[in-house]
Amino acid sequence: GNYLAQLGETWESGSDDDLFDGPRSVAFDSGGNIYVSDAGNHRIQVFDSSGTYSATIGVTGESGMDDAHFDTPRHIATDDSDNLYVADAGNHRIQIFDSSHNYAATIGVSGESGSDDDHFNWPMGVAGDTDHIYVADFYNHRLQIFDRATRVYQNTVGTGSAGSGNDEFDHPSDVAVDSAGNVYVADQDNCRVQKFNSSLTYQRTFGTTGVPYLTDGYHYNEPADVAVDASGNVGI
């Protein structure tokens, strides 16, 4: 828990390579490189393991719908092949890049929101494991699952409407997956995180459904992020 370093400048937003404007998410690849979703600048910033700027994905300060641009990118994730997944929320899509930062694929329809299995409505979170890609589809109140290799739709958790049942969500904001294939969803407006096994069967709830933060460690107030490490520790 000791402080080590920081990226960016405290209280100073900007568009230089060492500044951010509303950073939303961070991810790491197998080489220790650091990826930062710099939402207000419509870009992903890449740093090496020592924190030295390396590259920009996207066009700084310029939103757009083509494959060279983002519109308010939110959560990001990497997989075991160092592919990068970007929840490009304002464009209602997931953008995928290979380990060299080259564009690889899109899931969703660029710039077009919707509620069928080919569309998202402001996707906020994304995660990938060996077989699947998981997307927290914020305004559709659901988790969408796709085949990692083909990017073909496979399954949905959630009804498409806000709810508080074990298989329902109210504005899911992030998703994570552990080494056993368990899936964790930050269910923001239900003040909880939901856990499902690799078959997408409900397992447990972290927090108390609909009850926001109290003075203990078992309640959350609009949890926006969830992460799980190699040892199975869950961060909310």
Side-chain angles (χ1 to χ4, degrees), residues 3-79 81-108 110-111 113 120-128 133-139 171-176 186 188 222-227 235-236:
Y3 172 83
L4 294 176
Q6 76 175 35
L7 301 177
E9 297 293 333
T10 303
W11 298 113
E12 183 179 343
S13 65
S15 58
D16 292 345
D17 293 335
D18 58 350
L19 295 173
F20 306 111
D21 184 2
R24 300 299 303 179
S25 183
V26 62
F28 302 85
D29 65 19
S30 61
N33 297 299
I34 308 164
Y35 298 78
V36 180
S37 175
D38 188 13
N41 282 319
H42 307 291
R43 67 185 183 182
I44 307 300
Q45 293 290 84
V46 187
F47 302 83
D48 67 19
S49 57
S50 67
T52 300
Y53 168 79
S54 174
T56 295
I57 308 173
V59 180
T60 299
E62 185 178 303
S63 63
M65 290 190 297
D66 62 23
D67 296 329
H69 290 79
F70 303 109
D71 185 354
T72 320
R74 307 292 285 200
H75 290 110
I76 58 178
T78 56
D79 64 19
S81 296
D82 289 337
N83 297 303
L84 175 69
Y85 303 89
V86 180
D88 189 14
N91 282 322
H92 308 291
R93 66 187 181 181
I94 302 299
Q95 293 289 83
I96 305 171
F97 299 83
D98 66 19
S99 59
S100 299
H101 311 153
N102 296 312
Y103 167 79
T106 295
I107 306 175
S110 296
S113 65
F120 305 111
N121 191 350
W122 204 263
M124 292 274 281
V126 61
I133 300 168
Y134 306 87
V135 180
D137 191 9
F138 189 74
Y139 285 117
H171 295 106
S173 55
D174 197 17
V175 58
Q188 180 172 292
E222 297 187 354
D225 307 85
V226 62
I236 298 169

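- For His69, the ring-ring contact (aromatic ring centres under 6.0 Å, His included) test picks out no residue, with sequence neighbours left out.
- Exactly one residue among Ile107, Val86, Asp79, Leu84 makes a side chain to side chain contact (heavy atoms under 4.5 Å, CB included) with Ile96. That residue is Ile107.
- Here the side chains of Ile44 and Pro73 are in contact, with some heavy-atom distance below 4.5 Å.
- Residues Val126 and Ile76 are not in side-chain contact: their nearest non-hydrogen atoms beyond the backbone lie 4.5 Å or more apart.
- Under the 6.0 Å cut-off for aromatic ring centres, His42 and Phe70 do not qualify, their centroids lying 6.0 Å or more apart.
- Of the inter-residue distances, the one linking Ile34 atom CD1 with Asp48 atom CG reads 7.5 Å to the nearest 0.5 angstrom.
- A distance-only check finds a donor-acceptor pair linking the side chain of Ser173 to the backbone of Pro223 [under 3.5 Å].
- In terms of heavy-atom proximity, Ala89 sits nearest to Pro123 at CB-O, 3.3 Å.
- To the nearest 0.5 Å, atoms OH (Tyr85) and CD1 (Ile133) are separated by 4.5 Å.
- In this structure, the side chain to side chain donor-acceptor pair (under 3.5 Å) partners of Ser30, at least two apart in sequence or on a different chain, are Asp82.
- Shortest non-hydrogen contact noted between Val226 and Ile236 is CG2-CG1, 4.4 Å.
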Next on the checklist: Show, in sequence, the C-alpha distance, side-chain angles and deciding distance for Asp21 and Asp38, and conclude whether the side-chain contact (heavy atoms from CB on, under 4.5 Å) test is met.
Outcome noted: CA-CA 6 Å; Asp21 184 2; Asp38 188 13; 4.2 Å; yes
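- A donor-acceptor pair is defined here as one N or O able to donate and one able to accept, closer than 3.5 Å; such a pair exists between the side chain of Asn41 and the backbone of Gly14.
- Residue Leu19 holds its CG atom at 11.0 Å from CG of Leu7, rounded to the nearest 0.5 Å.
- Using cut-offs of 30° and 60° on the angle between ring planes, the pair Phe97 and Tyr103 is perpendicular.
- Scored by the ring-ring contact (aromatic ring centres under 6.0 Å, His included) test, Tyr134 finds His132 as partners (sequence neighbours excluded).
- The two residues Ala224 and Ala186 have their closest heavy-atom pair at C-CB, 4.3 Å.
- Remark: the backbone N or O of Met124 is not paired with any side-chain donor or acceptor of Arg24 at under 3.5 angstrom.
- Between the CG atom of Asn33 and the OG atom of Ser50 there is a distance of 9.5 Å, given to the nearest 0.5 Å.
- Closest approach of Ala77 and Ala27 over heavy atoms only: CA-CB, 4.2 Å.
- In terms of heavy atoms, Arg43 sits closest to Ser15 at NH1-O, 2.9 Å.
- Annotation: side chain of Asp67 is in contact with side chain of Gln95 (closest heavy-atom distance under 4.5 Å).
- If you take OH on Tyr139 and CH2 on Trp122, they are separated by 7.0 Å, rounding to the nearest 0.5 Å.
- At a threshold of 4.5 Å between non-hydrogen side-chain atoms, the residues Phe120 and Asp137 count as touching.
- Residue Ile94 holds its CD1 atom at 12.5 Å from CZ of Arg74, rounded to the nearest 0.5 Å.
- Between Ser99 and Ser81, the shortest heavy-atom contact is CB-O, 3.9 Å.
- With His75 contributing its side chain and Ala127 its backbone, the two residues share no donor-acceptor pair below 3.5 Å.
- A donor-acceptor pair is defined here as one N or O able to donate and one able to accept, closer than 3.5 Å; no such pair exists between the side chain of Gln45 and the backbone of Asp18.
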